[in-house]
Amino acid sequence: MGDRGQSENLVLVARKPCFGLPTGCPSCLPVYIYLKFSGMAFEVCFDPAKPDSEDIPSVEYGDYVAFNSEKGGTIEGLKEDGILDMDSKLLSHSIPEWLAMKAMIDSWLADALAYELWIGSDGSAVRQIYYSDLPWIIGKALHWKQTQAAKQRLGITMFNTAEREAEIFRKATKAYEALSAKLGENNFFFEDRPTSLDAAMLGHTLFVLHALSDSSTLRSQLTRHENLVRYSENLKVEFLEDSSTSVPRSPFEPSTSSMPSRKSAPYGTSKPKSKPKKEKTEEEKAFRRRAKYFLLTQLVAVLIFLTLMGGSEEADIEVDDDEGIDYED
């Protein structure tokens, strides 16, 4: 990091905490852990206004922003742009194996978790993460939209669900076995220090252990490997033990990413202060109006889509009926 990193704090924009974790979002948690591993001071801003935004998590650093939707994710953006790279000192002979392990986490384990959350469960976890602050009808519509997107991404149709489920969890089993064998009794996967691989793996395992139910297939597969569970809980105590009591900065307050860090406060936390109630600024009012417009347009788009889909299905049925008629001379 250069001099700018010494004088400005990072700001992580994430989804709200739940399940006893500093953020309940499986995409945001690895980024939070990566920043904690770095030892840098950072602030957390929870954004409830865009529940299905692909840009979250994002990291602000002065005028710079790393979005989840760009450059392969937020962490990869921070690395590529020279903001924060914890992988640059990996020994060259470790890189091929490191890449293989990282790919398994980002593909096989990520696919299995997506299946559990959006397809193989009752949806209570995703409601708590993404939609609990929204009106019921909007939450149901967005949940349906995201479920269809997950099925499309995983290649699941009404005809191959069982086969794809078996394949997804078979790959997850192999990934856990390989990662468990690599970790052994070490504190970290490579060179006895944290890298972005550890952030991705710890974010995944903590979410599986704390957010998924006891009946979860993925949770059952993970808990077979005692060293992975021990690794997760030990690092949680070491790096995240104060996170559950942190107080987030409101998304309606102006950014304070240029404020100098306070050494007395734990990294990633901010202590509440009693402040007199003040009038909302025009910027805050405009933000709230934009949030309402965003939710309204999302709902209208989903309703239009459902209407068109319903009409398409009726047309298909009529065509099928016509094909079944036997015309006689």
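Just so you know, residue 1 is the first one in the sequence shown, and it goes up from there.
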At their closest point, which heavy atom of [X] faces which heavy atom of [Y], and how far apart are they?
X: Tyr131; Y: Gln146; result: OH-CG, 3.3 Å
X: Gly184; Y: Asn227; result: O-ND2, 3.0 Å
X: Ile129; Y: Gly24; result: CD1-O, 3.4 Å
X: Pro30; Y: Ala200; result: CB-CA, 4.0 Å

Test item: [X] side-chain N/O and [Y] main-chain N/O as donor-acceptor pair under 3.5 Å:
X: Glu191; Y: Leu90; result: no
X: Ser53; Y: Lys50; result: no
X: Arg219; Y: Asp214; result: no
X: Asp55; Y: Phe67; result: no

Any heavy-atom pair between the side chains of [Y] and [X] that's under 4.5 Å?
X: Tyr32; Y: Phe42; value: yes
X: Asp198; Y: Leu202; value: no
X: Tyr61; Y: Asn9; value: no
X: Lys171; Y: Asp111; value: no
X: Asn187; Y: Asn234; value: no
X: Thr147; Y: His143; value: yes
X: Asn68; Y: Val31; value: no
X: Ser58; Y: Val11; value: no

Exercise for the section: Fit a plane to each ring of Phe19 and Phe207, take the angle between them on a 0 to 90° scale, and name the class: parallel (under 30°), tilted (30 to 60°) or perpendicular (over 60°). Expected result: perpendicular
Handout entry: Plane angle bin for His204 and Tyr176 - parallel if under 30°, tilted between 30 and 60°, otherwise perpendicular
Key = tilted
Any donor-acceptor N or O pair under 3.5 Å, side chains [X], [Y]:
X: Ser121; Y: Glu116; result: no
X: Tyr64; Y: Asp81; result: yes
X: Thr157; Y: Asn160; result: yes

Joint cluster assignment, [X] & [Y], ILVMFWY side-chain distance < 4.5 Å:
X: Leu222; Y: Leu218; answer: yes
X: Ile119; Y: Leu142; answer: yes
X: Val13; Y: Leu78; answer: no
X: Ile168; Y: Phe159; answer: no

Practice task
Dump the intermediate steps for side chain to side chain contact (heavy atoms under 4.5 Å, CB included) on Phe190 and Leu91, then the final yes or no.
Solution key: CA-CA 9 Å; Phe190 287 86; Leu91 299 177; over 6 Å; no
Practice task
Check step by step if side chain to side chain contact (heavy atoms under 4.5 Å, CB included) holds for Ser27 and Ile56.
Solution key: CA-CA 8 Å; Ser27 300; Ile56 298 175; over 6 Å; no
Would you mind checking if [Y] and [X] are paired as a salt bridge, meaning a charged N to carboxylate O distance below 4.0 Å?
X: Asp47; Y: Arg15; answer: no
X: Glu97; Y: Lys182; answer: yes
X: Glu177; Y: Arg224; answer: no
X: Lys16; Y: Asp133; answer: yes

Handout entry: Phe188/Tyr231 aromatic ring centres below 6.0 Å
Key = no
Practice task
Could you tell me whether Trp118 and Tyr130 have their ring centroids closer than 6.0 angstrom?
Solution key: yes
From [atom1] ([X]) to [atom2] ([Y]), nearest 0.5 Å:
X: Lys151; Y: Tyr115; atom1: NZ; atom2: OH; answer: 9.0 Å
X: Ser38; Y: Ile83; atom1: OG; atom2: CD1; answer: 12.5 Å
X: Leu235; Y: Leu206; atom1: CG; atom2: CG; answer: 8.0 Å
X: Gln148; Y: Arg153; atom1: CD; atom2: CZ; answer: 14.0 Å
X: Glu80; Y: Lys71; atom1: CD; atom2: NZ; answer: 5.0 Å
X: Ile75; Y: Leu84; atom1: CD1; atom2: CG; answer: 9.0 Å

Problem - Derivation of the side chain to side chain contact (heavy atoms under 4.5 Å, CB included) call for Leu12 and Cys45 - result: CA-CA 6 Å; Leu12 170 63; Cys45 175; over 6 Å; no
Below 3.5 Å, can you tabulate the donor-acceptor pairs from side chains in residues 102-109 to any protein atom, sequence neighbours excluded?
residue	atom	partner	partner atom	Å
Lys102	NZ	Asp106	OD2	2.7
Ser107	OG	Ala103	O	2.5

Exercise for the section: Using salt bridge (Lys or Arg N to Asp or Glu O under 4.0 Å) as the criterion, list what pairs up with Lys140, not counting sequence neighbours. Expected result: none
Problem - Sole residue of Thr74, Asp87, Asp85 in side chain to side chain donor-acceptor pair (under 3.5 Å) with Lys79 - result: Asp87
Handout entry: Identified side-chain contact (heavy atoms from CB on, under 4.5 Å) counterpart of His210 within the set Thr205, Leu21, Leu29
Key = Leu21
Exercise for the section: Take Leu209 and Glu233 through the side chain to side chain contact (heavy atoms under 4.5 Å, CB included) test and state the conclusion after the steps. Expected result: CA-CA 9 Å; Leu209 291 171; Glu233 296 302 335; 3.8 Å; yes
Exercise for the section: Please test Arg164 against Glu167 for salt bridge (Lys or Arg N to Asp or Glu O under 4.0 Å), starting from the C-alpha separation and ending with a verdict. Expected result: CA-CA 5 Å; Arg164 285 293 294 138; Glu167 181 182 0; 2.8 Å; yes
